[in-house]
Protein chains: 2
Amino acid sequence: MDGEQGSRGEAARWLDADERLTWLALVSVLVRLPSALDAQLQRDAGISNFEYQVMAGLSEAPGRTMRISELAALAEGSLPRMSQVIARLEKRGWVRRTPDPGDGRYTLAIMTDAGWAKIIEMAPGHVETVRRLIFDPLTKAQPRQLHDICRRIMRAIDPDDQCLDRLDRPSA
Amino acid sequence: MDGEQGSRGEAARWLDADERLTWLALVSVLVRLPSALDAQLQRDAGISNFEYQVMAGLSEAPGRTMRISELAALAEGSLPRMSQVIARLEKRGWVRRTPDPGDGRYTLAIMTDAGWAKIIEMAPGHVETVRRLIFDPLTKAQPRQLHDICRRIMRAIDPDDQCLDRLDRPSA
DNA sequence: CCAGATAACTTGCACAGTTAAGTGATCGTG
DNA sequence: CACGATCACTTAACTGTGCAAGTTATCTGG
């Protein structure tokens, strides 16, 4: 951020009427969409959206096993937060911990059979919700537009972010 | 997940590869954009994004005055949350409370001169950040695409939401 | 005019998340 | 081998938020 934002310094760069409405619409989605997804998961599975992301990530990992720090990066959360999330999931019997035999500093989070059963149970409902809230209401062309817009915004937030690599697959 | 969920009775409705990447990109924006905006405001003005929305809304109201419940609806927050936020802003000297002379059940939040000075001070930096993170990286056509996409998603989340009215201005 | 219902707000409790300090394991250098 | 530095994780203190109960003000029906 350029520090020269003296209130009197640069007059231009304000938002015009259209930009303002676009911004308001985006803010609404930023607030409402996460809370709608959380509500569905909480109601149908008793789990938060963030916890779901962790479970989903673990379920796709080889051996259904991942390091806590890897999971934190994957789910874009801090390490302490991930530590507590894993503790909650462990208490519910869906995950167990083991020190990494290769390097004792790491802790491996391993999804149990009960955890696997849980995600098998809740995934269809969650995916259905994502589809209903995002893809169903969009036209055929809009998902691609949205994808490009999101990538551009992400690049503006942090140009050298690991996540960008996962998203940069035009695939067309 | 390996994508074999469809066999569990539910019809397909799974996400294909493109949809999946779009979804991942959107999730990243949903997580990162609010936190980037919060970071800028916290750093430059010592205020949260939510508090800023409240100050901004109040600053535009006639007489720089609004009912707490109106503010809560405007900023899409709960009434208890707004009550606490106003208490914090009051403690900082930017807002004061008065019972509504017309109906004593309401409480009016009134922006003080210090609050007005504060928003004059921080608005340019915040708007600049919004422009830099959202509008600058987009092509000329994309803001309109984004606006339409957001309105469709909002309508899917809650078709009879007050907020939609504010957003439904094609203006072209 | 009075009692109950309702509305707007406030408060108390529980809990998730961030930051900073603490713990244990591993690496690098002499 | 030893000692400090670094790394991954855990724990603790604090803040913010949602929910439910409490408080005060207004409306409604008799």
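A note on names: the letters A, B, ... follow the listed sequences, proteins ahead of strands, and every chain is numbered from 1.
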Using a heavy-atom cut-off of under 4.0 Å over every strand shown, decide if P99(A) touches base, sugar-phosphate, or nothing.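 Since no nucleic acid heavy atom lies under 4.0 Å of P99(A), the category is nothing.
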Tell me what I68(A) touches on the nucleic acid: a base, only sugar-phosphate, or nothing, going by heavy atoms under 4.0 Å. sugar-phosphate
Whole-Å distance between [N] [atom2] and [X] [atom1]?
| X | N | atom1 | atom2 | value |
| --- | --- | --- | --- | --- |
| R67(A) | dA25(C) | CZ | C1' | 13 Å |
| L71(B) | dT10(C) | CG | P | 12 Å |
| L108(A) | dA8(D) | CG | C1' | 12 Å |
| Q42(A) | dT17(D) | CD | C1' | 14 Å |
| E76(A) | dT18(C) | CD | P | 12 Å |
| D103(A) | dG28(C) | CG | C1' | 15 Å |
| L79(B) | dG18(D) | CG | C1' | 12 Å |
| E90(B) | dC9(C) | CD | C1' | 13 Å |

Under a 4.0 Å N-O cut-off, is there an ion pair linking [X] with [Y]?
| X | Y | answer |
| --- | --- | --- |
| E51(A) | R88(A) | yes |
| D16(B) | R20(B) | no |
| D38(B) | R43(B) | no |
| K118(A) | D113(A) | no |
| R144(A) | D18(B) | yes |
| K140(A) | E19(B) | no |

Tell me whether T107(B) contacts the main-chain N or O of I68(B) through its side chain, where contact means a donor paired with an acceptor under 3.5 Å.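 Pair absent, no side-chain N/O of T107(B) close to backbone of I68(B).
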Is there a donor-acceptor pair closer than 3.5 Å between any side-chain N or O of R152(B) and the backbone N or O of P137(A)?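 Yes, the answer is positive, given that a donor and an acceptor are paired below the 3.5 Å cut-off.
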Do any N or O atoms of the protein come closer than 3.5 Å to N or O atoms of nucleotides 15-17 of chain C, and which pairs are they?
unit_1: dG17(C); atom_1: OP1; unit_2: R81(A); atom_2: NE; d: 3.3
unit_1: dG17(C); atom_1: OP1; unit_2: R81(A); atom_2: NH2; d: 2.8
unit_1: dG17(C); atom_1: OP2; unit_2: R88(A); atom_2: NH2; d: 3.3

So do M111(B) and T65(B) actually touch side chain to side chain, heavy atoms under 4.5 Å? no
Between Q42(B) and S48(B), a side-chain donor and acceptor under 3.5 Å: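 Side chains of Q42(B) and S48(B): no pair found under 3.5 Å.
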Rounded to the nearest 0.5 Å, what's the gap from CD1 on I119(A) to CD on E60(A)? Could you check? 8.0 Å
To the closest 0.5 Å, what do you measure between CG (L26(B)) and CZ (R151(A))? 13.5 Å
Between G77(A) and D100(A), just flag the one whose closest nucleotide in DNA chain C comes earlier from the 5' side. G77(A)
Applying ring pair (Phe, Tyr, Trp, His ring centres under 6.0 Å) as the test, list every pair that has at least one member in residues 35-82 of chain B; sequence neighbours left out. Y52(B)-H126(B)
For nucleotides 21-23 of chain C, tabulate all protein N/O to nucleotide N/O atom pairs closer than 3.5 Å, reporting atom names and distance.
none

Residue list, ring pair (Phe, Tyr, Trp, His ring centres under 6.0 Å) with Y106(A), at least two apart or on another chain: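 Ring pair (Phe, Tyr, Trp, His ring centres under 6.0 Å) check on Y106(A) returns nothing, list empty.
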What does the list of N/O pairs under 3.5 Å between the protein and nucleotides 4-6 of chain C look like, with a distance for each?
none

Residue S69(B), side-chain atoms from C-beta onward, closest of dT10(C), dC9(C), dA8(D):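 The nucleotide sitting nearest to the side chain is dC9(C).
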Mind pulling the stems DNA chain C is in, i.e. runs of at least three Watson-Crick or G-U pairs, everything under 3.5 Å?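 C:1-30 with D:1-30 - these are the stems of 3 or more pairs that involve DNA chain C.
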If the cut-off is 4.0 Å, is S83(A) near the phosphate of dT10(D), judged by side-chain N/O to OP1 or OP2?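 Answer is yes, contact under 4.0 Å.
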